[in-house]
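Some notes on the structure that comes next.
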Amino acid sequence: MLVTVLLLLVTLCAKGGNGVETEEVRRPGHVSVVIVGGTGDLAKKYLWQGFFQLYVNQVNNGNTFSFYGGGLSPADQATPVLFDILKAVSCSKDVSQERCALLKEQFLRLSRYRQLKSLEDYQDLANHIEKKLEEEGMTEAGRLFYLSVPAFAYADIADKINSSCRSTNGAWLRVVLEKPFGHDFRSAQVLASQLGSSLKENEMYRIDHYLGKQVIAKILPFRVENKKFLDPIWNKQHIERVEIVLKETLDVKGRIPFYDQYGVIRDVLQNHLTEVMALLTMRLPRNLSSSEEVLQNKLQIFSSLLPLGKNQAVIGQYQAYRSEVQQELNKTKDHVSLTPTFAAVLAHIDEAQYEGVPLLMISGKMLDERVGYARILFKNDIFCLKNHNSIHCKPKQIVFYFGHGSLQYPAILVSKNLFKPDLINSEWKEVTEHSDISVLGLPISDYYVQTPTEQRDAYVELISYIYAGRKNSFISTENLLASWGLWTPLLSSLASSFPRIYPGGADNEGLLDIRLKGKDIAYNSEVVIISRDQMGGTSGNGFQVMQGKFRSADMVSAWAEELVEKLAADIQEAAEAAVHESGVFHLALSGGSTPLALFHRLALHHFSFPWRNTHVWMVDERCIPLTEVQSNFYSLHNHLLQHVRIPYYNIHPMPVQLNQRLCVEEDGGAQLYEKEISRLVNGSSFHFVLLGVGYDYHTASLFPGHKLDEFGESLVALTESPAKPHQRMSLTFSAINRAHKVAILVMGKGKHELITQLSRVKDNPDKWPVTGVKPANGRMVWYLDYDAIIG
Ligand SMILES: *[C@@H]1O[C@H](CO)[C@@H](O)[C@H](O)[C@H]1NC(C)=O
Ligand SMILES: *[C@@H]1O[C@H](CO)[C@@H](O)[C@H](O)[C@H]1NC(C)=O
Ligand SMILES: *[C@@H]1O[C@H](CO)[C@@H](O)[C@H](O)[C@H]1NC(C)=O
Ligand SMILES: *[C@@H]1O[C@H](CO)[C@@H](O)[C@H](O)[C@H]1NC(C)=O
């Protein structure tokens, strides 16, 4: 026993130096490993080998094991299949042949096939484990279930495990799951809540096999070890861009029924590349071994990512994919799949450290080479007048090279004009012997190169992490949902986009090259090789922006996206005209969800907007603190103001909170706002007022049934809403109708009924408040999207 404890301490200490520590104090004893789907492809290719390796590494550490391959087939059929797989496991080079033969023999003796179909099968397994423990007088350390089965079976199996396979003696339970974890945010949430009813969060190990790759697992430790070099340069002042790239040469033939449902974004970007991006950009945890801290810092990055829209992605599809789909899904010759097999996505992190730094994530099938890497390209601020070949004139970069490609081995490369990275432990070594190759534009001799002393398969690594309870190498529920939260809106906005068709392999040439245009991304070459035929019979959207009349005022209509573009352009035009004329632009904005797309458009695309000369006012406000999510100002601030360079003193939230109370008449908030308007806005006439219309025809916070004429000449008033929070502060018609221009934005199918009604009714502000908008000397324009018009 003493020897065991000592050995355990030695391993813990050895690992400690590596930043790897066990999360639960390991209790020596017996571990039962169950691979459900134990004769399937993944198990055959990787899992058994991984568990054999675990066994070899742990056999002298005081723990004992039994291994079960589970499956739906009866034991007499599946047992020979399982043993054929088990016989194929191999030892690493440093194990002698005799010792290897002995270890394999032991491993085979400890392994069994069990049919796992019904609840009774799981109960029998649990009874068997308990009986064995009792017979051999062993304490139990834990039970590890590896579900190598299609995702639809997870919930059911997890339920069976919960109801019959939990140990009663305090041993741990760990259940390992493989992707896909859902198809979008909703389905991931449903699956997570189903699993959550059977398993505790700390019992679930969702695998992203990328996190088992040695170079990727090393990203955080590398950042910590080289903090003194990286701290001064790991920011927007120095980073030109970050690229995370996984190129594949294979097609997806034979996997189409799965792949066509997912496509490259769900298959690779949502999980592998997103995880790498988070590891590269998250704040460094003070304690690398603390799963909670790593998770919290990762989640922080997810919440700081700017939303991904259509303009932040390009997609492609290899030419032969279409006929492969027709074949494998039994479709006719005119069937077209829009599933992308290539995607490049441009993300941005809305944090001072990374503001404006492009983060590119790129992956595809049927490309020219197989390679995976993440590169941080730094700005080179040295101008070389003559000798462009001297090292300080060359690209400055750090490359995390996952494998394959020209280099052929996993490595971390730091260009010599940056710094010489520290080597902290013996698991990595420096490579100094170089063949004559280049990596991403630099000859390898221009890099400091580090590689693992021993290359290990990702599954071998992950299985050892599961065994060690190292949760930070797995995907927690929160992490998963945050990632889907980022990708789901992009996936929906791309759902009807046509991918660019590419021939595949070397023939792709420059067809998939991409170009960054501010916050947007596009293919570099404009060649469009989508023929009518490839598009199938779809008519496309023929509608453009149209001008017309609505309620005898001007109307602009278009599909939502174009409508928002047009409105944003009109606001900028008004701003430039006003600034030209009087040096200042007074803009009054509404709250609610409809203008959010407009705010994003203004924040992300209108870089020349004269914000410095713009004053932003509120059309109305809820009587709640401005820091609450439902506050109109809060939303305006989050979606627009914090992204643009507008001086603080040009921002005018409504004073709904005075003397530590909300909208009390005596506090005179409305009068205060009115005074501020009169003081700053010439003639109290805003240049541009943006309004919306509610389902009850209210506009601003002017609701039906309110005696709106009671406000007289006041510009600002306290009003009552039928919805909570009831109290509001609002501009009155007196203020609105003095404006130079009033825009009323109405979007979405849900507003169709309202628009139909409005096209018929006469002016009657008491009943339909929006009909009271009548600028005396200004212009009024309705911005209606086709969904609202057509329904
Ligand atoms: C597991 O099953 C038990 C009932 O057998 C139930 O009370 C419990 O909530 C389930 N889930 C977890 C996470 O333990
Ligand atoms: C780091 O976190 C691990 C796991 O939570 C913990 O065991 C260890 O004590 C922590 N180390 C420090 C220095 O706080
Ligand atoms: C397509 O048809 C073949 C033969 O008729 C059949 O074996 C196969 O299951 C079908 N595949 C799908 C996806 O329907
Ligand atoms: C204020 O408005 C009046 C009337 O619209 C205009 O004549 C005057 O030039 C404006 N003043 C400034 C400073 O813009």
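Counting starts at 1 for both ligands and their atoms, following the listed order. Residues take their numbers from the sequence shown, with the count starting at 1.
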Can a donor-acceptor pair be found, under 3.5 Å and without considering hydrogens, that links the side chain of Tyr146 to the backbone of Gly38? no
Step by step, would you call Asn57 with Tyr467 a side-chain hydrogen bond (donor to acceptor under 3.5 Å, both in side chains)? CA-CA 11 Å; Asn57 295 341; Tyr467 180 73; over 6 Å; no
Is the shortest distance from a heavy atom of Glu203 to ligand 1 less than 4.0 Å? no
In terms of side-chain heavy atoms, does Gln572 have a donor or acceptor partner in Glu576 at a distance below 3.5 Å? yes
With atoms numbered from 1 as shown, which atoms in ligand 1 lie under 4.0 angstrom from a non-hydrogen atom of Ser197? 10 (C), 11 (N), 12 (C)
Identify all N/O pairs between ligand 4 and the protein with a separation under 3.5 Å and present them as a table of atom names and distances.
residue, atom, partner, partner atom, Å
ligand 4, 2 (O), Asn682, OD1, 3.4
ligand 4, 2 (O), Asn682, ND2, 2.3
ligand 4, 11 (N), Asn682, ND2, 2.7
ligand 4, 14 (O), Asn682, ND2, 3.4

Tell me whether Glu573 is salt-bridged to Lys741, with the criterion being a basic N under 4.0 Å from an acidic carboxylate O. no
Using 30° and 60° as the class boundaries, would you call the ring planes of Tyr210 and His272 parallel, tilted or perpendicular? parallel
Do Leu680 and Val584 have side chains that get closer than 4.5 Å, going by heavy atoms? no
Tell me if the aromatic rings of Phe181 and Trp484 count as close, with their centers under 6.0 Å from one another. no
Centre-to-centre under 6.0 Å for Phe65 and Phe51, is that the case here? no
Which of the numbered atoms in ligand 1 are below 4.0 angstrom from a heavy atom of Ser198? 11 (N), 12 (C), 13 (C)
Does Ser163 reach ligand 1, in the sense of a heavy atom lying below 4.0 Å from it? no
